Amino acid sequence: MSEYQPQETEKKWQDFWQKNGLFKAVDFGAKPKFYCLDMFPYPSGAGLHVGHPKGYTATDVICRYKRMKGFNVLHPMGWDAFGLPAENYAIKTKIHPDKSTHQNIERFREQIKSLGFSYDWQREVDTSSPQYYKWTQWFFLFLYKNGLAYKAKAPVNWCPKCQTVLANEQAQGGKCDRCSSEVAQKELEQWFFKITDFCEELLDGLDKIDWPEPIKAMQKNWIGRSEGYEIAFALKPGSGSQGFGVKVFTTRIDTIFGCTYLVVAPEHKIVSELESQISNIKQVEDYVEAARKKTELERQAQTKEKTGVRLEGITAINPANGKEIPIFVADYVLAGYGTGAIMAVPAHDLRDFEFAKKYGLPCPKVILPPELDSVLTNPMDAAMGKKDVVRLEAECWEGEGFLANSERFDGMKSEDAREEIGQWLGQKGLAEKQVNYKLRDWLVSRQRYWGAPIPVIYCDKCGQVPVPESDLPVLLPDDVDFMPSGESPLAKSKKFQDVKCPVCGTLARRENDTMDTFVCSSWYFFRYTDPMNKKEFAQRKLIDYWCPVDWYVGGAEHAVLHLLYARFFTKALFRAGLIGFDEPFMKLRNVGLVLAEGGEKMSKSKGNVINPDDVVKEYGADTLRCYEMFMGPFEQAIAWDTKGVKGVHKFLRRIYELKTKVKDKKSKMENREMEKLLHKTVKKVSEDIEQMKFNTAISSLMILLNAMEKEEDIALNVLEKFFLILSPFAPHLAEELWSELGNKGSVCSQDWPQYDENLVEDEKINFVVQINGKARGMIEAPRNSEEKEISEMAQNNVKISGWLSGREIKKVIFVKNKLINFVI
RNA sequence: GCCCGGGUGGUGGAAUGGUUUACACGCAGCACUUAAAAUGCUGUGAGCUUUGCUCAUGUGGGUUCGACUCCCACCCCGGGCACCA
């Protein structure tokens, strides 16, 4: 008897699949299409992490299953190859990023191939290749021509360590996404993509896609829609300030009678425009200057005490009650949101309340909490410290309620008052309904080398000129000094800079910045449908055939990055009429992290990294695949357990040894119990794959194996079907055993076994007998037995009758094919 | 502070209103062996007065004939957001 030695046979089957083109996606194939996508990896120098194969195995199981179910499957893989680490590595070692990246790709490809995934390798893409980034540049021009790419001077996030600007999404919490350095604010002229043109579509589209709710919530939150009013506060007439007003945005116009001052952001234009009216202008300018110097993090630190300076010499008029109110400049108000100015209602906004308390500003209450009555009449509630009471005591109530001190609106519900006051001020031309979003335009310029150059030329005569499509790609030069200087390394390449203006032909210069790597990954899923196309990023007909992606699997860390940007690109193409759908990924599932043995994150510095190569070498690819599917629920983070790997390996070895149990190659299924178990397992595995419940799919395979091992002789067709349903998880072993049974061809090309629903259901049921809801025994009876029969059998049972003796049965609950419960 | 997840044996987990702990790991005993490893078999939630009973799914209440599952309150762990007016 030969032993299970996967290392010797796995390569053979991988070559076999490759040679026979078994995983080739057929363009315009007649079978229903199924596009299943992994988030393509960044080919880092560290090589493949065991987390990668977890997601890749899951999609591979799904794809292999779908092929056997008769689908034309597109399952591609590629490389998200541009990015900072390669460039930083070049700075350190002087090895060109192109070289190190391609070495890394080679290694990744080899590692991934060793795991036997059913990718169509003819569709591999590499975002750093000119054939690919030509089309990344085409997308830039496409957006530019549609008014969705523009250059503008704006305050931007600057990472001092990476020496580049960053998108808001990449500077969350004021820290660089890449290196965690605190980002600074800089006023720079940069390229932006107008993602804010799609706020509504990006929000509404979430309702029609099958994505994890937390991811949807994060996108919703990031887009940050809020409905309110823009209100004009006039300044009190004085010399020079006529006609000047301050516009504020508020979601709580119902509280306007409680507005006792205005606050503007330090960047607000009022400071410069009314310079001559502000008597303490020096003090104000100092404050503004100090605020400008603070980092995002410092300004956003909520815990810090609020600061501000009053604009002496000017006041505003509250349009609701005509009262004169002061104006402050304070950095707790953000310039980039709404109008950069707010109406402060200290009694009903905690932030305003803190500020008012510090500067001794009046704090009149204009909303009474709905619980006020019960609080007043029920002192017990107050004593028990109900939340609302606490808020009342704190003199700041942010919730809804009934209006007070609001003239004719007194007693009105907050909700109604918003409508009424809005209309009232609206009629006077002082307020207007307004929807605001938190989402900002996507800053795509990077002052770095290893990315796709932005295809724009600056000409002294013609100004900003997009590179003509026929001149694409704008190639990255190779004569570049990588040492970061805050200016793009491309600026230092003479070869790159020498360019004539495409319009007038005079000497001009190129844009030096490259694009954010997230631009490359915003459209790669289109490229897979037509990866060799030299005329278009992909042929419309092929996109129509394959897209959108049916099932997408990857990490949750891209919630508001890649996943938002890719949706934006898709919507921009849709709006321009270039594609017929506006959501790229119909179904998304997140893969849970693979943690180190102790439950910590794997990291080089902790020395707890598991290398997939070592696992493959010791146990084989099938063991790694099955282990990662078996370790627990797919979307959950679970620690690596070497003992568990051994257990799974043992499972595969026992399967391998099953073949000795086929005594007669012609034997047909005779064992009724075995046949039933097989059908149950086929059903369970099929359903579990569809729901990504891989761990229980494998456990049901284990149950079937355990049962088969107890048999002396196993019928050939039982074994064959077992190998077929095993094949998505352990494809090499399944192929090996399939061929050893004398079959020609590949398991991959077989039909997925059907199951018979009649065989799945047991003929005999163990009915649970309960007394007062407690299980007291069990009786076996035929399926679909009636209550009367079961009740009699139960009462005749010695054990049960003991419990029932001398008691009156008050009620009987009978659940068909499940249980009977006597209430006594 | 707000919004999501989650809390079940020694461990990963299974069960989504009906026998809690499937499957696997670990552990214990036995077999094989000079021995060990490997392998196989058996056992394995806790407690007790052990043919059996009681208790146990973070805590406390509730709904129900019956609750890990549904409802209310709280505690703990993980993740996300965070001066967005």
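Source: prediction; values computed, not measured. Just so we're on the same page: letters track the sequence lines, and every chain starts at 1.
- For C74(B), the paired base is G58(B) (Watson-Crick or G-U wobble, both distances below 3.5 Å).
- For the residue pair D441(A)/T196(A), the side-chain donor-acceptor check at 3.5 Å is satisfied.
- Between the base of C65(B) and the side chain of K810(A) there is no donor-acceptor pair shorter than 3.5 Å.
- Contact check on K693(A) versus E635(A) returns no salt bridge, with no Lys/Arg side-chain nitrogen under 4.0 Å from an Asp/Glu carboxylate oxygen.
- The shortest distance between the side-chain N/O atoms of K643(A) and the OP1/OP2 oxygens of G26(B) is not below 4.0 Å.
- Under 4.0 angstrom from either OP1 or OP2 of C65(B) there lies no side-chain N or O belonging to K774(A).
- The nearest pair of heavy atoms linking N608(A) to S603(A) is OD1-N, 2.8 Å.
- When the P atom is compared between A22(B) and G43(B), the two are found 13 Å apart, to the nearest whole Å.
- Regarding contacts with the backbone of G13(B), a side-chain N or O of Q636(A) is found under 4.0 angstrom from either OP1 or OP2.
- In this pair, Y261(A) and F328(A) present their aromatic rings perpendicular. The plane angle is above 60°, beyond the 30 to 60° band.
- Heavy atoms of D641(A) sit under 4.0 angstrom from primed sugar atoms or phosphate atoms, though from no base atom.
- Judged by distance alone with a 3.5 Å cut-off, a donor-acceptor contact links the side chain of Q770(A) to the base of G18(B).
- At least one side-chain heavy atom of L588(A) sits under 4.5 Å from a side-chain heavy atom of M39(A).
- Shown for residues 224-231 of chain A: residues whose heavy atoms fall under 4.0 angstrom of RNA chain B, namely S226(A).
- When both pairing distances are held under 3.5 Å, A22(B) makes no Watson-Crick or G-U pair with any nucleotide shown.
- With a glycosidic angle no more than 90° from 0, G9(B) adopts the syn conformation.
- Note on K693(A): a side-chain N or O is less than 4.0 Å away from OP1 or OP2 of A15(B).
- Nucleotide G6(B) holds its P atom 12 Å from the CD atom of E213(A), rounded to whole Å.
- Applying the 4.0 Å criterion to OP1 and OP2 of G40(B), one finds that R653(A) has a side-chain N or O inside that range.
- Within the structure, every side-chain polar atom (N or O) of N706(A) is placed at least 4.0 Å from both OP1 and OP2 of A22(B).
- A sub-4.0 Å separation between OP1 or OP2 of A14(B) and a side-chain N or O of N695(A) is present.
- Closest approach to the V768(A) side chain among G18(B), G12(B), U19(B) is made by U19(B) (side chain taken as heavy atoms from C-beta onward).
- Distances shorter than 4.0 Å separate some side-chain N or O of Y337(A) from OP1 or OP2 on A85(B).
- Applying the 4.0 Å criterion to OP1 and OP2 of U39(B), one finds that R654(A) has every side-chain N and O outside that range.
- Residue K220(A) contributes atom NZ, which lies 15 Å from atom C1' of G80(B) at whole-angstrom precision.
- Between A24(B), G13(B), C81(B), one nucleotide has an atom nearer to the side chain of F630(A) than all others, and that is A24(B).
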